[in-house]
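Numbers here simply count residues along the sequence, with the first being 1.
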Amino acid sequence: MSAPAPSPLAVVDAEPLPRQEEVLTEAALAFVAELHRRFTPRRDELLARRAERRAEIARTSTLDFLPETAAIRADDSWRVAPAPAALNDRRVEITGPTDRKMTINALNSGAKVWLADFEDASAPTWENVVLGQVNLIDAYTRKIDFTDPRSGKSYALKPADELATVVMRPRGWHLEERHLTFDGRPVPGALVDFGLYFFHNAQRLIDLGKGPYFYLPKTESHLEARLWNDIFVFAQDYVGIPQGTVRATVLIETITAAYEMEEILYELRDHAAGLNAGRWDYLFSIVKNFRDGGAKFVLPDRNAVTMTAPFMRAYTELLVRTCHKRGAHAIGGMAAFIPSRKDAEVNKVAFEKVKADKDREAGDGFDGSWVAHPDLVPIAMASFDAVLGDRPNQKDRLREDVSVAPGDLIAIDSLDAKPTYDGLRNAVQVGVRYIEAWLRGLGAVAIFNLMEDAATAEISRSQIWQWINAGVVFENGEKATPELARKVAAEELAAIRAEIGEEAFAAGKWQQAHDLLLHVSLDADYADFLTLPAYEQLVG
């Protein structure tokens with residue numbers, strides 16, 4: 001007698017959304033269910049392995065390249081698959097969530113690539129999860145337009161040959177999707193985001209001369225890359241498209257992944273498109289993993305940790321060398337500045353910083369870089385045009401001059417800068433303002449002329465936690481303590497109330513955001529991700 005058929009996925013605790021039936025079809029949900037059945041057990045094992053590795057780092061306060069994979073690093077013969085035409089020139093990439101207006105603006109931005117983000121730039125409300133998929137389907141079928149209800153301005157797509165290529169970013173492995181369950185258990189958000197997008201769009205994208213391309217976030221090891229590769233192999237067979245059609249770019253935004261770059265490319269070699277250097281999550285990962293490693297691992301204010309810091313330089317140069325050795329694209333970090341419509345001097349200074357940053361990346365051998373706003377596309381484009389000319393990339397620049405020892409990547413104490421009282425205040429300010437917006441369903445938030453996402457809040461709360469637990473004494477003589485953090489947070493909450501007025505303050509989630517920031521910053525039991533307790537408070 002055959003076993004009974006497994007229960008289908010159930011949509012729970014979710015108000016019906018307009019057009020959700022176009023995304024949550026029986027066939028699409030059956031595909032997601034099959035992904036869940038086959039791959040969630042391995043995902044669970046890999047999350048447990050993360051905890052074991054973190055415990056080992058706590059014990060040793062060090063990391064090294066893996067001895068068991070030395071043969072892969074030593075073998076000069078292997079390369080990743082050649083880039084498809086649509087991903088060969090990536091000199092400027094714009095990032096942002098998949099709301100309707102952003103979808104049109106990003107595709108029209110003049111950037112070569114749009115990172116369509118279901119991860120850190122998107123708060124995972126059910127509406128954002130489902131309607132983001134609707135917006136991408138509408139974009140590919142050219143059924144998308146948008147009229148801003150406040151300004152009356154209308155938005156529509158440019159001709160197809162002027163649009164950015166989409167690289168979609170699903171959620172990280174640690175997040176669940178509580179609105180989709182299988183036998184009462186939530187399905188991993190990564191499988192929901194990937195599964196729905198791939199099922200509906202893989203063939204459609206091929207017909208458009210492109211393909212299903214992905215950014216993979218929060219990867220911590222080559223074994224996690226292997227899991228994604230196995231998912232890609234299964235998914236391509238499932239929908240009947242050729243193996244190797246999927247392409248994935250991995251964000252090297254964890255300190256452990258920085259020691260496994262070659263192995264990550266090797267595991268994904270038939271599907272790999274490159275690696276990306278993600279700044280804030282990388283710093284957050286350093287704090288998280290070495291938080292009990294003593295004074296030599298204490299980071300200064302986040303804005304003092306530039307990409308020219310010795311340990312950041314080691315990381316980015318190693319990334320370029322690794323990618324080009326294996327025929328992959330090396331993609332640089334984010335220019336997060338948001339131009340001011342009111343202050344030309346602020347713009348002038350910021351544009352100069354953006355240009356210097358992109359000039360450095362292009363000069364170091366990167367093949368492209370990220371921006372957060374369409375106004376920055378021409379600045380970044382000019383930096384890469386000056387180096388690349390008519391060439392699509394500079395993968396032929398092997399950077400064999402680069403030599404990085406294991407200790408170079410964690411030489412935090414090579415920085416002269418120290419934590420400051422203003423740094424503490426800024427971490428509280430940005431943390432509260434970002435979390436408040438996230439709890440209202442906004443994942444990409446302009447704060448103090450910078451586009452911030454969840455990685456921002458992670459580094460903010462991690463630095464508060466680290467400075468307190470390390471007993472940092474600021475330049476004004478005050479010691480980082482829970483009491484000081486509470487005092488600063490109370491002052492900032494009062495300042496926000498005075499700034500926006502009682503009515504707007506009451507209508508927002510300011511007290512809730514204040515309380516959540518303090519909870520994850522002061523709790524002795526450091527939460528692996530801020531978004532885990534925050535998701536429990538997210539409505540929708």
Side-chain angles (χ1 to χ4, degrees), residues 17-29 31-32 35 83-90 92-119 121-122 127-147 154-171 190-216 231-232 235-236 238-242 244-249 271 273 374 377 444:
L17 295 166
R19 300 179 60 194
Q20 73 173 27
E21 69 282 353
E22 298 174 37
V23 173
L24 305 175
T25 64
E26 274 193 39
L29 291 179
F31 175 60
V32 174
L35 291 174
L87 278 182
N88 203 29
D89 188 334
R90 305 178 62 173
V92 180
E93 305 191 352
I94 193 167
T95 71
T98 54
D99 60 86
R100 211 157 178 84
K101 180 180 174 182
M102 180 67 195
T103 295
I104 298 169
N105 283 347
L107 289 169
N108 287 345
S109 67
K112 297 293 187 180
V113 165
W114 170 37
L115 186 159
D117 201 8
F118 286 81
E119 199 231 1
S122 180
E127 181 176 1
N128 288 343
V129 167
V130 175
L131 297 190
Q133 299 278 356
V134 169
N135 293 335
L136 291 174
I137 292 170
D138 283 354
Y140 300 146
T141 55
R142 297 194 69 90
K143 295 176 182 175
I144 193 168
D145 55 37
F146 178 77
T147 300
S154 293
Y155 300 81
L157 289 180
K158 292 179 178 178
D161 61 354
E162 297 180 39
L163 301 181
T165 293
V166 174
V167 180
M168 181 271 212
R169 180 163 72 169
R171 279 169 280 182
L191 296 182
V192 173
D193 298 338
F194 166 82
L196 294 175
Y197 179 79
F198 180 89
F199 185 84
H200 288 298
N201 298 302
Q203 187 60 54
R204 183 177 282 131
L205 285 161
I206 293 168
D207 295 343
L208 291 170
K210 300 189 177 182
Y213 306 144
F214 299 92
Y215 259 111
L216 304 180
I231 289 168
F232 297 154
Q236 289 166 126
Y238 190 98
V239 302
I241 63 174
T245 305
V246 169
R247 284 293 192 278
T249 305
H271 301 105
V377 170

How far apart are the closest heavy atoms of [X] and [Y], and which atoms are they?
{"X": "His200", "Y": "Val23", "answer": "NE2-O, 2.7 Å"}
{"X": "Ala248", "Y": "Leu216", "answer": "CB-CD1, 3.8 Å"}
{"X": "Thr249", "Y": "Ala273", "answer": "OG1-CB, 3.6 Å"}
{"X": "Phe199", "Y": "Val239", "answer": "CD1-CG1, 4.3 Å"}
{"X": "Ala106", "Y": "Ala164", "answer": "O-CB, 4.0 Å"}
{"X": "Pro374", "Y": "Ile94", "answer": "N-CD1, 3.7 Å"}

Does [X] use its side chain to pair, donor to acceptor, with the backbone of [Y] at less than 3.5 Å?
{"X": "Gln236", "Y": "Val246", "answer": "yes"}
{"X": "Asp145", "Y": "Ala156", "answer": "no"}
{"X": "Lys158", "Y": "Asn108", "answer": "yes"}
{"X": "Gln20", "Y": "Leu131", "answer": "no"}
{"X": "Asp193", "Y": "Arg169", "answer": "no"}

Report yes if some heavy atom in the side chain of [X] is under 4.5 Å from a heavy atom in the side chain of [Y]; otherwise report no.
{"X": "Ile104", "Y": "Ile144", "answer": "yes"}
{"X": "Asn201", "Y": "Pro212", "answer": "no"}
{"X": "Phe146", "Y": "Asn135", "answer": "no"}
{"X": "Phe198", "Y": "Leu35", "answer": "no"}

Gln203 CD: over 12 foreign heavy atoms closer than 6.0 Å: yes
Within 6.0 Å of CD in Glu21, more than 12 heavy atoms from elsewhere: yes
Give, for atom [atom1] of [X] and atom [atom2] of [Y], the distance between the pair rounded to the nearest 0.5 Å.
{"X": "Leu24", "Y": "Arg19", "atom1": "CG", "atom2": "CZ", "answer": "12.5 Å"}
{"X": "His271", "Y": "Thr245", "atom1": "NE2", "atom2": "OG1", "answer": "7.5 Å"}
{"X": "Leu87", "Y": "Lys210", "atom1": "CG", "atom2": "NZ", "answer": "9.0 Å"}
{"X": "Glu22", "Y": "Asp138", "atom1": "CD", "atom2": "CG", "answer": "7.0 Å"}
{"X": "Glu119", "Y": "Arg171", "atom1": "CD", "atom2": "CZ", "answer": "10.0 Å"}

Distance flag, aromatic centroids of Phe232 and Phe194, threshold under 6.0 Å: yes
Tyr197 ring center near Phe214 ring center (under 6.0 Å): yes
Evaluation steps, side chain to side chain contact (heavy atoms under 4.5 Å, CB included), between Glu93 and Tyr215: CA-CA 12 Å; Glu93 305 191 352; Tyr215 259 111; 2.6 Å; yes
Stepwise side chain to side chain donor-acceptor pair (under 3.5 Å) test for Thr147 and Ser154: CA-CA 4 Å; Thr147 300; Ser154 293; 3.1 Å; yes
Sole candidate of Thr98, Leu163, Thr165 that passes side-chain contact (heavy atoms from CB on, under 4.5 Å) when paired with Trp114: Thr98
